[in-house]
Structure formats: structure tokens, C-alpha cells
A.B. asks: 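Sharing a structure, written as C-alpha cells. Questions coming.
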Amino acid sequence: MTSVILVSIFMTLAAAATPILLAGLGELVTEKAGVLNLGVEGMMLCGAVTGFAVAYSSGSVTLGVVAAAFAGFLAAMIFALLTLGLGSNQVATGLALTIFGIGISSLFGAGYVGRTIQRLGPLFPADYAAHPWLRLVFGHDALVYLSLLLVAAVSLFLRRSRMGLILRAVGENADSAHAIGYRVLAIRAAATGFGGALAGLGGAYFSLALTPMWADRLTAGRGWIALALVVFAAWKPGRLLLGAYLFGAVATFELQAKAAGISWIAPEVLAMTPYLATIVVLTMMSLGTRTGGRNAPACLGKPFPAP
Amino acid sequence: MLEWRRRSEPSRAMLYLSPLIAIALTMLTGMLVFTAIGYDGFHAVQAIFVTPLVEPQRWADLGVKAAPLVMIALGLAIGFRANVWNIGAEGQYVMGAIAGTGVALLTHDMTGWWILPAMALAGILGGAAWAAIPAFLKVRLQVSEILTSLMLSYVAVQFLYYLVRGPWKDPGGFNFPQTKMFSADQVLPAMAEGSLVHLGIPVALLLALAAWFVMGKTVSGFAIRVVGRAPAAARHGGFDAGRVTWVALLASGGLAGLAGLFEAAGPFGQLTPQFPVGYGFTAIIVAFLGRLSPIGIVFGGLVLAVTYVGGEIAQSTVRLPQAATGMFQAMLLFFLLATDVLVRWRLAFRRNPAKVAP
């Protein structure tokens with residue numbers, strides 16, 4: 001009996017961790033190339049609404065997932081066009097992208113409020129997970145496995161591949177990378193697009209897997225938490241995984257406490273916990289290093305060529 | 001063929017023209033997009049951008065909506081100039097309203113001219129205190145103020161929900177989640193009998209003048225601009241970036257708090273869960289539209305107020321959803337950032353097609 005509860009708690013935890021893991025991983029790659037895209041929340045919302053609309057009208061959740069990644073990619077391309085093409089300020093443009101994502105998702109989502117779809121189910125057939133402990137291995141949906149695979153792939157890509165090395169060089173010293181002959185802007189645009197696609201997937205996880213029902217602004221600031229997660233992870237995919245699952249634990253605690261009907265903590269106070277926890281964690285990270293450098297790519301947020 | 005040429009110095013004409021170009025492009029794109037998705041695009045744009053300006057009965061509402069936007073944006077612009085990115089003004093706005101409402105609930109049975117100033121002071125302090133948290137974390141521990149200020153606005157909104165559903169719920173309010181209505185001494189006086197126009201509007205204009213004076217004519221304003229534009233030079237000149245961060249965040253928090261209190265003591269007259277409407281985020285657009293200059297921000301606030309009022313009109317005339325207003329506002333910021341390129345670059349006919357632009 002306890003094992004059933006424990007397993008179910010861990011399943012909730014993985015589900016809470018997956019969207020910010022996906023979005024955070026995308027942003028990590030973007031930032032490694034020296035681009036600070038604060039529009040994660042907006043790109044997630046673009047993915048969430050597109051994924052839901054496509055899944056609703058086509059009846060295929062898979063198609064919805066693919067469309068969500070594409071929508072996130074397109075949103076990131078607006079950002080790339082403005083910051084890389086026209087040299088606009090990255091912070092301001094990222095904020096604009098978030099405001100845009102909130103607007104567009106609530107505009108196109110208005111017709112879907114309250115509609116439901118067939119949610120993204122477990123990847124493997126149910127008899128694989130007959131035993132409760134086996135559910136931990138075989139009971140997740142495809143995006144959970146995909147997010148874990150992507151962590152490994154991104155980690156290998158950044159540390160072991162030639163392209164990964166070039167991407168990091170562009171983020172650490174854009175001028176030198178340019179001098180050797182690498183196309184800084186093209187590489188940055190590609191990294192931004194990858195970040196957007198993963199943010200789109202993260203957003204779709206909300207509308208297709210967590211709550212298969214459309215609600216306005218359903219990501220509730222998770223895009224910003226994904227941004228904080230990248231700082232927490234010191235731009236390392238492995239630590240990002242750890243951070244996302246730690247966050248998942250906090251979010252699960254919030255859900256369990258609500259479900260258990262703990263009355264001495266107000267529900268509003270529980271709803272604050274993810275945001276407060278993020279601030280506490282960011283603060284502890286800074287206390288830990290003292291220098292404030294925290295391993296950030298040296299050219300993060302700096303325009304190229306310099307104005 | 002056309003090509004981009006870097007200007008030898010930034011164009012002053014484009015600095016002022018590009019916001020107008022951005023507005024025109026937003027109207028044009030909005031018309032096309034909303035026509036494409038099945039609305040009456042022409043009349044939608046007309047309702048959103050033109051109707052509020054040509055119908056005098058809307059002007060009071062424009063002022064009411066512009067005042068908080070201008071006040072918040074004035075503070076944000078100080079920070080943006082110094083590279084301090086306070087994007088949690090929404091939270092400071094809510095905390096200002098909460099602090100002011102706290103005073104209002106304590107003095108509910110009292111009368112006197114001093115009550116409203118005390119509420120305003122509490123509003124300023126509440127907003128500034130909320131902004132002091134990211135300031136402290138930034139200056140002492142180098143924690144990004146972008147993330148902390150934003151996280152704190154989610155916390156502030158939840159705190160508001162907690163108060164109006166719990167300890168501050170009006171016992172005589174039929175169990176609705178809202179505080180008591182403020183008393184006659186606790187609401188902003190109207191500027192004319194029966195008018196919507198309240199004291200907050202002239203105060204916002206005065207604050208813009210004050211900000212213009214401080215930023216343009218004083219050493220502190222100069223320090224803020226130098227720290228933002230040339231951090232290394234600022235260090236040489238003995239300007240303390242940490243102090244500028246504190247000043248920028250406390251000023252923007254205080255102004256957002258005051259705006260929140262004015263909204264609570266003005267149009268709302270109480271606190272309800274509907275209180276946070278996103279002015280703290282829209283003010284970011286206002287600050288950029290106004291080119292981070294106090295006088296420009298007054299015009300920027302007016303433009304965004306037009307879109308709010310016009311958005312409401314378009315809801316009833318062409319059945320445009322409320323979310324469309326947000327879309328127009330975001331498009332405006334996109335185009336503004338895009339047309340910024342014209343300040344530093346110009347389009348010219350390519351003389352020698354073989355040559356590639358640098």
C-alpha cells in the first residue's frame with residue numbers, strides 16, 4: 001500500500017518536473033550560445049495553445065506535440081529576428097515575447113476554455129507496468145522519456161561534439177569565434193530556435209499531459225522558473241535534471257498538501273511556495289560561490305557585433 | 001538594391017519618429033491579422049486606436065488608465081537606464097495597494113484629512129519594501145533582479161488573494177472575497193463633481209515633471225545614466241553601481257506602490273481578487289514607447305491607455321476578445337524594438353552591387 005502511494009507521488013513529481021526540464025534545457029542551449037531569451041514563458045504559452053488546438057481539431061495528441069514544438073520555434077524566431085537581425089536589446093525583446101505569448105495564447109485559447117482532449121497517455125502498454133514499482137520505469141508518457149534522453153544528448157553534444165564546442169565558443173567569446181570564421185549569428189539563431197522548440201514542448205506538457213483542458217495562462221510562471229533553473233544548474237545539463245526534479249518535489253508537496261486538506265496552511269501560501277523556493281535557491285547559489293560569476297557564458301546577453 | 005548603412009551618429013529625428021512608425025505598423029499588421037482570423041480588422045483597429053481619442057466622453061477614462069501606467073513606467077525607466085531590470089512592478093503595485101488598504105482598514109472608523117496621505121505613504125513604503133528584496137539580493141549577493149522581482153510579483157498576488165479571502169474579508173460582504181469599501185475620507189477626491197478624473201492624474205503629471213528634472217538636471221540622474229551606459233567610466237568617476245541599483249529599485253517600487261494605492265483608493269474603492277490587471281507589465285511597454293524619458297512616458301502612457309479603452313470599445317462593437325488588447329500591446333513593443341534599428345542605421349540604395357554591407 002505504501003509503495004503504491006510512494007510510486008504515485010514520484011509519478012506526480014516526474015510530471016511536475018518535465019515541463020520545466022524541457023524548457024530549461026532549451027534555454028540552457030540558447031544561453032550557452034550567448035543569447036539570453038527571457039521569453040520562455042511566452043514561448044511555452046505559444047506551444048501550449050498550439051498543441052492544444054491541433055490536438056483538439058485533429059484528434060491526435062502526437063500531432064499536437066509536434067505542432068507545439070514548431071510554434072515555440074517560430075516564437076523564438078521572432079526573438080532571433082529582432083535581437084540578432086536588428087540588434088535589439090535582448091532583455092526587452094524577451095519581455096516583449098512573454099507579453100506576446102500571453103496575449104496570443106489567451107486570444108486563440110478563448111474558444112477552447114473548458115474543452116477537453118484525450119490526454120497524452122503512458123508510452124508503454126499498461127501490462128508492462130503491472131507491478132507498482134515497474135510503473136516508475138514503464139509508466140511515464142513519451143515526453144518524460146524524451147526529456148531524459150534530451151538531457152543526455154545535450155550534455156554529450158555540448159561536451160563531446162565539435163558543433164557543441166563551436167556553440168560554446170560563440171557564447172564565451174563571440175569576437176574570437178567570428179575571427180576564426182564561424183558564423184556567430186547563424187549559430188546563435190539555431191540555438192535560439194532549439195530553445196524555442198523545447199519551450200514549446202514544455203508548454204504543451206501543460207495543455208496535453210498535465211491538465212488535458214485549456215485554461216488561460218496555464219503555465220503560471222513556470223517559464224520564469226525554468227530560467228532560474230538554468231542559473232541553479234550553473235549551465236550544466238546534469239544539474240538541470242537534478243534541479244528540475246527538486247522543483248518537482250516542491251510542486252508535488254504543494255499538490256499533496258492541498259489534496260490532504262491541510263487546513264493550517266492557507267492554499268494561497270502553498271501556491272507561493274514554488275516562487276519563494278526559487279528565490280531561496282537562487283540566493284543559496286550565490287552564497288555558495290561568493291564571486292557571483294556562477295559559470296555564466298561570458299558573452300551572455302551581449303549583442304554581436306557590439307553596437 | 002537597398003542596403004543598411006551605419007549612421008555616423010544616432011539620428012535624433014528617428015529617435016522620435018520610430019515610435020510613431022511602430023504605432024503605424026502595429027495598426028497595419030493588426031488590421032491584416034484580425035481580418036485574416038475572421039474579425040472586422042479595419043473597424044477593430046479604428047475602435048482600438050482612434051475612437052478613444054475622438055470621442056470626448058472617453059477622455060476621462062483615458063486619464064484614469066494612463067495615470068497608473070505613467071507612474072509605474074517613470075520608476076521602471078530610471079532602472080532600465082541604469083541596467084536595473086525591475087520587471088516585478090506588478091507585485092510592488094499590489095503590495096502598495098495592500099499596505100495602503102491596511103491603513104484604510106485601521107482608520108475605517110476615523111475621519112480626517114490626514115488619512116489619505118497616510119494611506120499614500122503606506123502605499124509608497126509597501127511598494128518600496130517589496131522592491132527592496134530584489135535590491136538587497138542583487139547588491140549583496142549578485143542574484144538577478146529580473147528573476148527575483150518577477151517571482152515576488154506572483155507571491156504578492158497570492159498574498160492579496162489570501163487577505164481578501166481570509167483576514168480582510170468584509171464581514172458584511174455576503175461572503176464575497178473583498179475588503180470593506182473605503183470611507184469618504186479614504187477615497188481619492190474627484191477633480192470635478194461626478195467625474196471619473198481623480199487626484200492620481202495630476203499627481204502622475206507632476207511626478208513626470210519631477211522625474212524629468214531629477215534625471216536631466218541633477219547629479220544623481222547623471223550617475224544613473226552613466227552607470228547604465230558606461231559602467232567602467234562610472235566606476236572611475238566614483239559612482240557606486242550598488243547605490244544606483246538601490247535607488248532605481250526603491251524609486252520604481254515606491255512609484256508602483258503609490259500607483260497601486262491610487263488604483264485601490266480611486267477606481268476600485270476596495271481590494272478584490274480582480275485588482276491586479278497587469279499594469280505593472282504594460283508599464284514596461286510604456287517605458288520603452290516613451291524612450292525611457294519622463295515626458296515621452298506621459299505620451300506612451302496615453303497610447304497604451306488608448307489601447308485599453310479602445311479594446312473595451314472593440315469588444316462591444318466588433319466582438320473582439322479582450323485578449324486582443326494584449327496582442328496589440330505586444331505587437332507595439334515588437335515593432336518599437338524593431339524600428340529602433342533606424343536610429344543607428346539607415347536604408348540606402350546600394351551604389352555598387354558587388355560590395356557587401358559590412
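Side-chain atoms are counted along with the backbone in the values below, which use heavy atoms only and exclude waters and symmetry mates. The sequence lines fix the lettering, A, B, ..., with proteins before strands; numbering per chain opens at 1.
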A.B. asks: Where is the tightest heavy-atom contact between A:Glu268 and B:Tyr162, given as atom of each residue plus distance?
C.D. replies: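 The answer is CG-N, 3.5 Å.
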A.B. asks: Is it the side chain or the backbone of A:Phe108 that comes within 4.5 Å of chain B heavy atoms, both, or neither?
C.D. replies: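 Only the side chain of A:Phe108 comes within 4.5 Å of chain B.
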A.B. asks: If I take atom CG from residue B:Leu137 and atom OG1 from residue A:Thr283, how far apart are they, to the nearest 0.5 angstrom?
C.D. replies: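 The distance works out to 4.5 Å.
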A.B. asks: Please flag which part of B:Ile284 lies under 4.5 Å from any non-hydrogen atom of chain A: side chain, backbone, both or neither.
C.D. replies: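 When you check distances to chain A, only side chain atoms of B:Ile284 fall under 4.5 Å.
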A.B. asks: Measuring heavy-atom distances to chain A, does B:Leu160 have an atom under 4.5 Å in its side chain, in its backbone, in both, or in neither?
C.D. replies: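 Nothing of B:Leu160, per the 4.5 Å heavy-atom cut-off to chain A.
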A.B. asks: What part of B:Arg140 gets closer than 4.5 Å to chain A, counting heavy atoms only: side chain, backbone, both or neither?
C.D. replies: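 Interface part for B:Arg140: neither.
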A.B. asks: Tell me, out of A:Gly221, A:Pro267, A:Pro274, A:Ala266, who's got the most heavy-atom pairs with chain B below 4.5 Å.
C.D. replies: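 Ranked by heavy-atom pairs under 4.5 Å with chain B, first place is A:Gly221.
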A.B. asks: Mind ranking B:Ala338, B:Ala287, B:Gly326 by heavy-atom pairs under 4.5 Å with chain A and telling me who comes out on top?
C.D. replies: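 The residue among B:Ala338, B:Ala287, B:Gly326 with the greatest pair count is B:Ala338.
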A.B. asks: So what's closer than 4.5 Å to chain B heavy atoms on A:Leu82: side chain, backbone, both or neither?
C.D. replies: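 It is the side chain, since no backbone atom gets that close.
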A.B. asks: Can you tell me how far apart CE (B:Met327) and OG (A:Ser106) are? Round to the nearest 0.5 Å.
C.D. replies: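 Those atoms lie 9.5 Å apart.
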A.B. asks: Could you look at B:Phe159 and say if it's the side chain, the backbone, both or neither that has a heavy atom under 4.5 Å from chain A?
C.D. replies: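 For B:Phe159, heavy atoms of backbone and side chain both lie under 4.5 Å from chain A.
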A.B. asks: Answer with side chain, backbone, both or neither: which region of B:Leu152 has an atom nearer than 4.5 Å to a non-hydrogen atom of chain A?
C.D. replies: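 Interface part for B:Leu152: both.
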A.B. asks: Between B:Ile37 and chain A, with a heavy-atom cut-off of 4.5 Å, which part of the residue counts as in contact: side chain, backbone, both or neither?
C.D. replies: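 Only the side chain of B:Ile37 comes within 4.5 Å of chain A.
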A.B. asks: To the nearest 0.5 Å, tell me how far A:Ile102 CD1 sits from B:Gln329 CD.
C.D. replies: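 That separation rounds to 11.0 Å.
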A.B. asks: Tell me, with the steps shown, if B:Phe34 and A:Leu107 meet side-chain contact (heavy atoms from CB on, under 4.5 Å).
C.D. replies: CA-CA 11 Å; B:Phe34 282 92; A:Leu107 179 65; 3.8 Å; yes
A.B. asks: For chain B, which residues of residues 90-101 of chain A have at least one non-hydrogen atom nearer than 4.5 Å to it?
C.D. replies: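 Heavy-atom contacts from residues 90-101 of chain A to chain B are A:Val91, A:Ala92, A:Thr93, A:Leu95, A:Ala96, A:Leu97, A:Ile99, A:Phe100.
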A.B. asks: If you measure from CD on B:Gln142 to CG on A:Leu282, what distance do you get to the nearest 0.5 Å?
C.D. replies: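 CG of A:Leu282 is found 13.0 Å from CD of B:Gln142.
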A.B. asks: Return the CG to CG distance between A:Asn89 and B:Asn83, rounded to the nearest 0.5 Å.
C.D. replies: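 One finds 7.5 Å between CG of A:Asn89 and CG of B:Asn83.
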A.B. asks: Between A:Thr278 and B:Tyr154, is any pair of side-chain heavy atoms under 4.5 Å apart?
C.D. replies: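 The answer is no, as the side chains (C-beta and beyond) never meet within the 4.5 Å cut-off.
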A.B. asks: With chain A as the partner, which of B:Ile133, B:Ile87, B:Thr325, B:Asp340 has the greatest number of non-hydrogen pairs under 4.5 Å?
C.D. replies: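 If we count pairs closer than 4.5 Å to chain A, B:Ile87 comes out on top.
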A.B. asks: Please tell me if the side chains of A:Ile225 and B:Met151 come closer than 4.5 Å, counting only heavy atoms from C-beta onward.
C.D. replies: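 Yes, at least one pair of side-chain atoms sits under 4.5 Å.
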